A.B. asks: 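Sharing a structure, written as structure tokens. Questions coming.
Every chain is numbered from 1, with letters handed out A, B, ... down the list of sequences. This structure is a prediction, so every number in the text was calculated from the model and none was measured.
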Amino acid sequence: MPRVDRIAEPWGTRTPYGPGEEWPTRVDQHLADGVGEDDVDRWVQAASILHSNGDAMDVAVKDGRIVGVRGRAVDRVNRGRLDPKDLYGWQANGSRERLTRPLVRRDGRLVETDWDTAMDLVVRRTRELLDERGPGSIGFYNTGQLFLEDYYTLGLIAHGGIGTIHVDGNTRLCTATAAAALKESFASDGQPGSYADIDSADVICLYGHNMAETQVVTWTRVLDRLAGPNPPRVVCVDPRETPVARAATVHLAPRPGTNVALMNGLLHEIVRNGWIDREYLDAHVVGFDELAERVAEYPPDVVAGICDVPADRIREAARVIGTAERLLSTVLQGFYQSHQATAAAVQVNNVHLVRGMLGRPGCGILQMNGQPTAENTREAGADGDLPAFRNWSNDAHVEDLARIWNVDPAHIPHYAPPTHVMQQLRYLEEGSIRMFWVICTNPAVSLPELARIRSILSQERLFLVVQDIFLTETAQLADVVLPAATWGEKTGTFTNADRTVHLTEKAVDPPGEARPDMDILIDFANRLGLQDKDGAPLVKWSDYEGAFEAWKECSRGRPCDYTGITYDKLRGGSGIQWPCTDEAPEGTERLYADGRFFADPEYCESYGRDLLTGAPLDPDEYRAMNPSGKAVIKAAEYLPPHEEPSVEYPFALITGRTLYQFHTRTKTGRAPQLQAAAREVWVEMSPGDADRLRAREGDLLEVTTPRGRVRARLRISGIRDGVVFLPFHYGYWDAPGRRGRAANELTPTDWDAASKQPIFKTAAARVRRVRWSRRGRSAAPTTTASAPARGGVPPTRGGPAAEVQETLPAAGGPR
Amino acid sequence: MNLGLALEELHRSENHLAHQLLAVAERHEADHELFHLGRDLARWSQDHVRRLAPFGPRYGVDLDPEPAGEPRLVARLYEAVSDRLGRRSAPALLLLRDLRSLHLAAVGVSVDWEMVAQAAQGLEDTELLALARRCHPETLRQARWANSRIKESATQVLVTG
């Protein structure tokens, strides 16, 4: 049984396999120092909460405390493997810095209080605002890290109870474009593909998706294919030399903000060479002619000029994609957080539609998520959409929801699209939203242009409620802080990026008086006296399983149909992919088999938006365009980014993540092995740019944009010339008094008009060297996209504390 | 034949719409989506002005291919005011008024394109008809956008503002 330092080797030991074979198991286990398997009192089933992959695990409990984790070999998603964030991240649950009592602001300071005092304050302010200014004065901003049951309850209370249209999740920052792109192409959210498509694909394209760091275990699956017989070819689009780029057959590193031009160039070649499936297009798709006309304007020579990518490499990539027999594409933040986000992501869908490659093994689209439960935020309506992919511009859907909730249809706000978080901030800034309830997210570090965010959240007239497990930078600004329970401390379900639903059970008690999020919300609804139209309490359940059963009814007959799933069915075995019904009791591996879509005008979730202006289509426009519910091809023209490098700001600035940290490090920063692997912010530049600046590894640089400045040590990496990279994880909770550490001091306030996702990958910046480093090094990991381009940097290691036991399949036994 | 007059009117109304989009964008700089989209969408009208100009001589009118200048001093003043008023609700009412006039201006341009397209069909001027087919959808998108922004903003401004 090998023991592997999984900080030094994040993807662990290879278990090679060939096309069409089953991915072998490999069980990863990490226990606290000094704890052996025999010491563990019990193992409790769970799934990962620190990324979107949905890795199934068992949590080890000893003396009422979590002491380790082990991957679940039986699960379809990970077959026993775990991401380093899960192997070490559980330690944060036991941190002494956890919030254990409610806090309220008195004389400018947050002081401890009891639940009655805190909740009465929240309820009183809610009541005052509803009386004086109406539901439009209250906004909710939640997360991609609660459970399905929490979201569904939140959506009911906000939409059906309070009646506010201002509900969004921080999924706006990570997955809004995935949802928007799916709604544009298929008229409904819902992941078409499956991770299992990796097992049989012969070409895998990763568009702005550093899967090696964001979905570590699924990248392990790709690595195992690459190490086996008949490996797939890989196409990578990324301005950085990521581990994906290093494994790629073709790597395209476009200038930031030019993805639509690049995609149009690839589609130009695919159409021109006739690598299209005419029969599929005729039978199942509308809009191809418009696309053919549009991409005719983007021959590789033109695109090469826009993207600064060699024309021959565009042709080569197009040939790989165009001649694929089983094509799998994945998309993430390099597209979603960049200029023209939805338009670019939709072109990836278009590649599959013109090639007729959907709904069969190896032929899939994975429009990815960043967060563990982002899929549920979208399904259950906590991103502002109506639950179970109901269409807010279809009155029949609103009436149906009102029937389920037993409220008046007019009380469910559907007169306009839900207010996305950046617009909510505008309303906060103007003063029309006066109460803002932030649940399990940290906008004071994660939103763009932080000076503006801090100033908005610090307003005297604003009543800020923060519900979290640590005193985050945002919580420090709050009027009331509510201590929540987290993963491992409550039982519920959540769903990963390939529609796999997992149960995660309570292993230990929450610390102090901390309470599960749903309990807090229901307590609020009851104290406020929220009722259905017959005067009964609005929320009809009081525990998570009750909420799940209610959600199942809400999902019945919709694309995300959960009616065939129960908690008991999820116990013991593998996670299950929705839709799961009486007809498909084991779940559904792929959507859109045989070219059947959820796009019928009476059934679909969305009539779509104008890709450039974001204006929603009217029902009649959609009916005229797509009367029989086919897939929709939408073309897009390339527009230059809103902020391009200039003489004053000559670099393009992009922000991103590293394998070892998650979000604003509230958990991963409190796990010693993870924190040590990437303990401090750094800045990446190419060797050429560093030489021109006469800067070396470890020198302290200052990066400036019109919004602010950040100081960070230099890592000379394989990033393309003209681009600088900053990881966005580093805020101020562990660096009190410090300024200029968070990447979002620099980012612009701008978003994609169709998905409303903020843009973090198109800003102009200048860079200067503040001081030489004698022997200092940047804290950038050497194992990842931030690997040094030049020697002399000691490798990232975790040491004995990071050793993980990997159990491989017995040699010669069945794989 | 009066088509020349209609082309002149279309040329004027496109120029006016471009100007108005830019002016509204600058006036509401604190409303970031409006700021960026106003400028993006003004490009379409400027592009239409350039494409329309060569058809002038054919129908006896002189159309300047250069779009009218961007708003400068007055708009800059508004911009400064916008920043300072960003925290007050008065600009929200102003926003609705501006979106209303943008919508009406775009609808006006749309009607102008329809008239020109009708005339082009009568005259069998396939080039002019092709131009209308190319440009008119963009005008409709401009109008729909302004209308959608009104729908999104009206409740908040009128009820809660």
Side-chain angles (χ1 to χ4, degrees), chain A residues 129 132-139 164-166 290 293 339-340 393 413 415-420 422-434 448-449 452 455-456 459 461 609-618 621 637 639-643 748-753 756 758-759, chain B residues 21 25 28-47 82-96 99 102-103 106 130 133-135 137-161:
Chain A
L129 282 170
E132 289 165 18
R133 308 178 74 92
S137 60
I138 298 171
T164 178
I165 199 166
H166 311 315
E290 191 201 337
E293 209 172 294
H339 177 59
Q340 292 195 282
S393 35
Y415 46 80
T419 317
H420 58 98
M422 298 305 289
Q423 186 63 44
Q424 287 193 46
L425 282 161
R426 179 70 194 129
Y427 292 153
L428 288 165
E429 190 173 35
E430 288 175 347
S432 64
I433 292 183
R434 292 294 174 97
E449 203 179 343
R452 172 174 180 260
S455 123
I456 290 173
Q459 292 174 93
R461 68 186 171 189
R609 290 175 182 262
D610 186 310
L611 288 182
L612 193 142
T613 70
L617 264 69
D618 284 334
E621 288 174 83
E637 65 180 306
L639 286 183
H642 294 140
E643 186 170 293
T749 303
D750 190 8
W751 56 86
D752 180 63
K756 313 300 181 188
I759 294 170
Chain B
L21 281 162
H28 299 280
E29 202 192 12
D31 186 313
H32 296 81
E33 189 173 279
L34 187 57
F35 175 72
H36 288 298
L37 269 174
R39 292 158 64 101
D40 285 345
L41 297 186
R43 287 161 176 260
W44 284 349
S45 288
Q46 291 171 338
D47 178 58
S82 160
D83 272 357
R84 225 166 298 143
L85 292 185
R87 285 285 166 78
R88 302 199 1 216
S89 58
L93 275 174
L94 188 68
L95 172 78
L96 278 186
L99 288 169
L102 272 184
H103 179 66
R133 287 210 168 124
R134 194 200 171 288
C135 298
E138 291 179 341
T139 310
L140 289 172
R141 289 168 74 187
Q142 291 168 321
R144 277 194 209 109
W145 167 72
N147 187 244
S148 74
R149 280 302 314 260
I150 291 168
K151 282 187 187 163
E152 279 173 38
S153 309
T155 316
Q156 191 72 10
V157 173
L158 299 178
V159 177
T160 316

A.B. asks: Heavy-atom distance under 4.5 Å to chain B: side chain of A/Glu621, backbone, both or neither?
C.D. replies: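 For A/Glu621, the contact with chain B is made by the side chain alone.
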A.B. asks: Got a sec, which residues hit salt bridge (charged side-chain N to carboxylate O under 4.0 Å, His left out) with A/Asp618, two or more places apart in sequence or on another chain?
C.D. replies: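 Result, salt bridge (charged side-chain N to carboxylate O under 4.0 Å, His left out) vs A/Asp618: none returned.
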A.B. asks: For chain A, find which of B/His36, B/Arg43, B/Gln142, B/Lys151 contributes the most heavy-atom pairs closer than 4.5 angstrom.
C.D. replies: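 Sorted descending by pairs with chain A, the first entry is B/His36.
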A.B. asks: Working to the nearest 0.5 angstrom, can you tell me the gap between A/Leu639 CG and B/Arg39 CZ?
C.D. replies: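 One gets 13.0 Å once the value is rounded to the nearest 0.5 Å.
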A.B. asks: So which of A/Ala615, A/Ala416, A/Ser432, A/Gly134 has the biggest tally of heavy-atom pairs under 4.5 Å with chain B?
C.D. replies: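 Top option by heavy-atom pairs under 4.5 Å: A/Ser432.
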A.B. asks: Between A/Glu637 and B/Trp44, which heavy-atom pair has the shortest distance, and what is it?
C.D. replies: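 Distance-wise, the nearest heavy atoms are OE2-NE1, 3.2 Å.
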A.B. asks: Of all heavy-atom pairs between A/Leu612 and B/Leu41, which one has the smallest distance, and what is that distance?
C.D. replies: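 Closest approach of A/Leu612 to B/Leu41, heavy atoms only: CD2-CD2, 3.7 Å.
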A.B. asks: Is the count of non-hydrogen atoms from other residues, nucleotides or ligands lying under 6.0 Å from A/Glu132 atom CD greater than 12?
C.D. replies: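 Check passes, neighbour count above 12.
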A.B. asks: Heavy-atom distance under 4.5 Å to chain A: side chain of B/Asp40, backbone, both or neither?
C.D. replies: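 For B/Asp40, the side chain is the part near chain A, not the backbone.
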A.B. asks: In the structure I gave you, are the side-chain heavy atoms of B/Gln156 and A/Ile433 within less than 4.5 Å of one another anywhere?
C.D. replies: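 Side-chain contact under 4.5 Å: yes.
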A.B. asks: Nearest heavy-atom pair of B/Trp145 and A/Thr613: which atoms, and what distance?
C.D. replies: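 Answer, listing the atom of B/Trp145 first, then A/Thr613: CD1-O, 3.4 Å.
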A.B. asks: With a 4.5 Å cut-off on side-chain heavy atoms, are B/Arg144 and A/Asp610 touching?
C.D. replies: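 Heavy-atom side-chain distance check fails, nothing below 4.5 Å.
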A.B. asks: Just to verify, what does A/Pro758 make a side chain to side chain contact (heavy atoms under 4.5 Å, CB included) with, not counting sequence neighbours?
C.D. replies: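 By the side chain to side chain contact (heavy atoms under 4.5 Å, CB included) rule, A/Pro758 matches A/Arg172, A/Leu173, A/Met422, A/Pro448, A/Phe760.
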A.B. asks: What orientation do A/Trp751 and B/His32 show, parallel under 30°, tilted 30 to 60°, or perpendicular over 60°?
C.D. replies: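 Taking B/His32 first and then A/Trp751, their aromatic rings sit tilted (interplane angle of 30° to 60°).
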A.B. asks: Taking all non-hydrogen atoms of both residues, which atom of B/Glu33 and which atom of A/Ala753 are closest, and how far apart?
C.D. replies: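 Distance-wise, the nearest heavy atoms are OE1-CA, 4.1 Å.
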A.B. asks: By a 4.5 Å heavy-atom criterion (distance strictly below it), what part of A/Pro748 contacts chain B: side chain, backbone, both, or neither?
C.D. replies: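 No part of it gets close to chain B.
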A.B. asks: Once you round to the nearest 0.5 Å, how far does CG of B/Leu37 lie from CG of A/Asp750?
C.D. replies: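 Between B/Leu37 CG and A/Asp750 CG, I get 8.5 Å after rounding to 0.5 Å.
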A.B. asks: Between CG of B/Leu95 and CZ of A/Arg426, what distance do you get to the nearest 0.5 Å?
C.D. replies: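 Spacing of CG (B/Leu95) from CZ (A/Arg426) equals 8.5 Å.
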